[in-house]
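Okay, structure first, notes after.
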Amino acid sequence: MPGRALLTGFDVTATSHLLADYRARGGYATLEKALSSMTPQQIGAEVTASGLLGHGGAAFAVGRKWGVIRLNDGQPHYLCANADEGEPGTFKDRWILEHAPHLLLESMLIAAYALQVRHAFVYIRGEFDLPYRRLQGAVDEAYAAGLLGERVLDRDFACDIIVYRGAGSYVCGEASGLITSIEGKRGYPRNRPPRLTVRGLYQKPTVINNVESLANITGIIRDGAEAFRKVGTAKSPGTQLISISGHIAKPGVYEVEFGYPFAKFIYEDCGGVLGGRALKAVIPGGISTKALTGAEIEPLKLDHASLAAAGSSIGSGGMIVIAEGTCMVRLLQVLLRFYHHESCGQCTPCREGMGWMHRIIDRIVAGEGRPDDIGLLYEISRANDGTTICGMGDAAGYATVGILDKFRDEFEYYIEHKRSRLGGVLEVATHA
Amino acid sequence: MKHLIPEFDRLRQRFPDTFASSLVLPCVRRIQEDRGYVADADIDELAAYLGVPRVQIEEVLSYYTMFRRKPIGRWHLQMCRNISCSMRGSERLLAHLERTLGIAAGETTADGRITLSTVECLGSCGTAPVLVVNETYHENMDAARIDALLKELD
């Protein structure tokens, strides 16, 4: 186990996602405690004191986000759990939705009480099937048990949770795109300011937190901020669910205590690279974070400061392991095709830039690359950075620059020789 | 769409009163489950039912990849082609599917039974490659499992 666990420390069985099992593990006792013995302000203060950082990719302090909500402003407030998990390589929230849906609901109820929210939403990506059924099943169980609705736990606190299904749009995982989507429209992100905590869903103050961020609330209120801060590092308290995939022997979701050694995680906990190959690169936190080489990860720890110092990020915890022998030109082609496909089309630099980058990488792969194509990819990446409403254009640039910086020679070879130095291989070990 | 209205009425009760516009996505999804696609008549009826502009529904339909305006095959096979699936063989499996079915991605078999598509990351990277058949994820796929799966489709 890569350190202490806060979310995943129970046996997954055929019934562990159900209310009875969750209650047997102490479930909903923290909600009872919160409603009976704490004020909304005390809960907010505890969350702020915990130092909990958002787990969706931006690592924004949850307490600071909550702190913008003015409890007595006379307006309705909304809470949305962001379960639109779509950053390629990321499948950690799916684990919570499938195995601990009541932990999310209990945490959302505590958050709803703290933020004085009457209606809360879970925005879940449209393709998710089992995670949706598990979550909706948990919501139904919670209503039947009096944990949701007009009188939560028979107290003077009302809260409804609505599960809202997306319909296949990456950009809806961006908080303002998510809100526009819940309003029943195209998931176009919005310019900030105003912040969503000031004017969000239907122009009302809205808090949007990632599923994993919210799932931590129950533990923080149960054990206190001080206990939470004892896990992880001073600047990155707690744990991170890391979903690891690609050329790795034991892919899956691991709960990693912040500060855990990167290399130890890859080589020991996850069994090393598939087929015993050498490690060429790791994309640490979803494809929009910069790739690190096998040598670069050696001294690193899995926390925000350590990865930031190496020029990358813990991101969304979607770690992709790339074995020696993989063609990085073809790999970048997969990424740029994706970004082009997902650009919502609102902002010119992204709408045009994504298509342009996609066409460039396609012609390189087709053996028709031009000598200045590498420079063009850099230039378009730069032109996108900070010039669009949401971060998707920036992210595509980070992914591109991350790969070009470290594997430029492969691109130069491909353009010069009109073929991949590595046979265009993406799949290094085939299935039987 | 009219026979779905009692269902939509119940759905509406779960949302705050001012959220009629939010019903567009769930209603469109339900209409598509029911009919297989969204027809012009559905758009008119839904716009009238929710009191939202017709163009809002059109925009939603043309924006979200899961919605469609035309019927497809009884079985919709979607092969993920994003990073982790590609690294675990999805390109090879897509070629296998195209060869076996005699169609390219984006096409439907001549008998109208099977539509083959590619899709971007589905959050199934740890169990890659993934093939979605209608709503169901089939994970850790290989050629033999695809062949067995195809035999079961009527």
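Lettering follows sequence order; numbering is per chain, from 1. The structure displayed is predicted, hence computed values, not measured ones.
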Exercise. Yes or no on side chain to side chain donor-acceptor pair (under 3.5 Å) for B:Ser62 and A:Arg186, after CA distance, side-chain angles and deciding distance?
Worked result: CA-CA 9 Å; B:Ser62 61; A:Arg186 287 185 166 194; 2.6 Å; yes
Distance check, rounded to the nearest 0.5 Å: [X] atom [atom1] versus [Y] atom [atom2]?
| X | Y | atom1 | atom2 | result |
| --- | --- | --- | --- | --- |
| B:Ile83 | A:Gln333 | CD1 | CD | 12.5 Å |
| B:Thr18 | A:Tyr202 | OG1 | OH | 7.0 Å |
| A:Ile320 | B:Asn82 | CD1 | CG | 8.0 Å |
| A:Phe128 | B:Leu122 | CZ | CG | 8.5 Å |
| A:Ile179 | B:Ser22 | CD1 | OG | 10.5 Å |
| A:Tyr188 | B:Glu59 | OH | CD | 6.5 Å |

Taking the side chain as everything from C-beta on, heavy atoms only, tell me whether [X] gets closer than 4.5 Å to [Y].
| X | Y | value |
| --- | --- | --- |
| B:Leu25 | A:Ser181 | yes |
| A:Arg94 | B:Ser124 | yes |
| B:Arg81 | A:Phe338 | no |
| A:Glu127 | B:Gln78 | no |
| A:Ile162 | B:Pro16 | yes |
| B:Met87 | A:Val334 | no |

Exercise. Do other residues, nucleotides or ligands put more than 12 heavy atoms under 6.0 Å from the CG atom of B:Asp17?
Worked result: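 Open: at most 12 neighbouring heavy atoms sit under 6.0 Å from CG of B:Asp17.
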Exercise. Is it the case that more than 12 heavy atoms not belonging to B:Arg30 sit under 6.0 Å from its CZ atom?
Worked result: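 Yes.
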Which atom pair, heavy atoms only, marks the closest approach of [X] to [Y]?
| X | Y | result |
| --- | --- | --- |
| B:Cys121 | A:Pro88 | SG-CA, 3.5 Å |
| B:Gly123 | A:Phe91 | O-CB, 3.2 Å |
| B:Ser84 | A:Gly246 | OG-N, 4.1 Å |

As an exercise: rank [options] by heavy-atom pairs under 4.5 Å with chain B and give me the winner.
| options | answer |
| --- | --- |
| A:Gly187, A:Gly252, A:Pro131, A:Gly89 | A:Gly187 |
| A:Pro251, A:Gly168, A:Gly86 | A:Gly168 |
| A:Ile283, A:Leu335, A:Asp93, A:Ile182 | A:Ile182 |
| A:Cys344, A:Gly345, A:Gly318 | A:Cys344 |
| A:Thr90, A:Leu331, A:Asp160 | A:Leu331 |

At a heavy-atom separation under 4.5 Å, does [X] approach chain B through its side chain, its backbone, both, or neither?
| X | value |
| --- | --- |
| A:Arg125 | side chain |
| A:Ile322 | both |
| A:Val425 | neither |
| A:Tyr143 | side chain |

For this session: May I ask you to say whether B:Glu58 pairs ionically with A:Lys185, meaning some side-chain N is under 4.0 Å from a carboxylate O?
Result: no
Exercise. Would you call A:Glu427-B:Arg92 a salt bridge at under 4.0 Å N-O?
Worked result: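 Salt bridge: yes.
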For this session: Mark yes or no for whether B:Ser21, through its side chain, and A:Glu183, through its backbone, hold a donor-acceptor pair below 3.5 Å.
Result: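 Yes.
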For this session: Verify, without hydrogens or angle tests, whether B:Arg29 (side chain) and A:Ala167 (backbone) share a donor-acceptor contact under 3.5 angstrom.
Result: no
For this session: Kindly assign one of parallel, tilted or perpendicular to the pair B:Phe19 and A:Phe121, based on the angle between their ring planes and the thresholds 30° and 60°.
Result: parallel
Problem set entry | Residues in residues 63-73 of chain B near chain A [non-hydrogen atoms, under 4.5 Å] |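 Hits under 4.5 Å: B:Tyr63, B:Tyr64, B:Thr65, B:Met66, B:Phe67.
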For this session: Would you please test B:Glu135 and A:Arg133 for salt bridge (Lys or Arg N to Asp or Glu O under 4.0 Å) and show each step?
Result: CA-CA 12 Å; B:Glu135 299 261 301; A:Arg133 286 186 279 119; over 6 Å; no
For this session: Under 4.5 Å heavy-atom distance to chain A, tell me which part of B:Ser90 shows up: side chain, backbone, both or neither.
Result: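 For B:Ser90, neither part sits under 4.5 Å from chain A.
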For this session: With a 4.5 angstrom heavy-atom cut-off, could you sort out which part of B:Arg14 is near chain A: side chain, backbone, both or neither?
Result: both
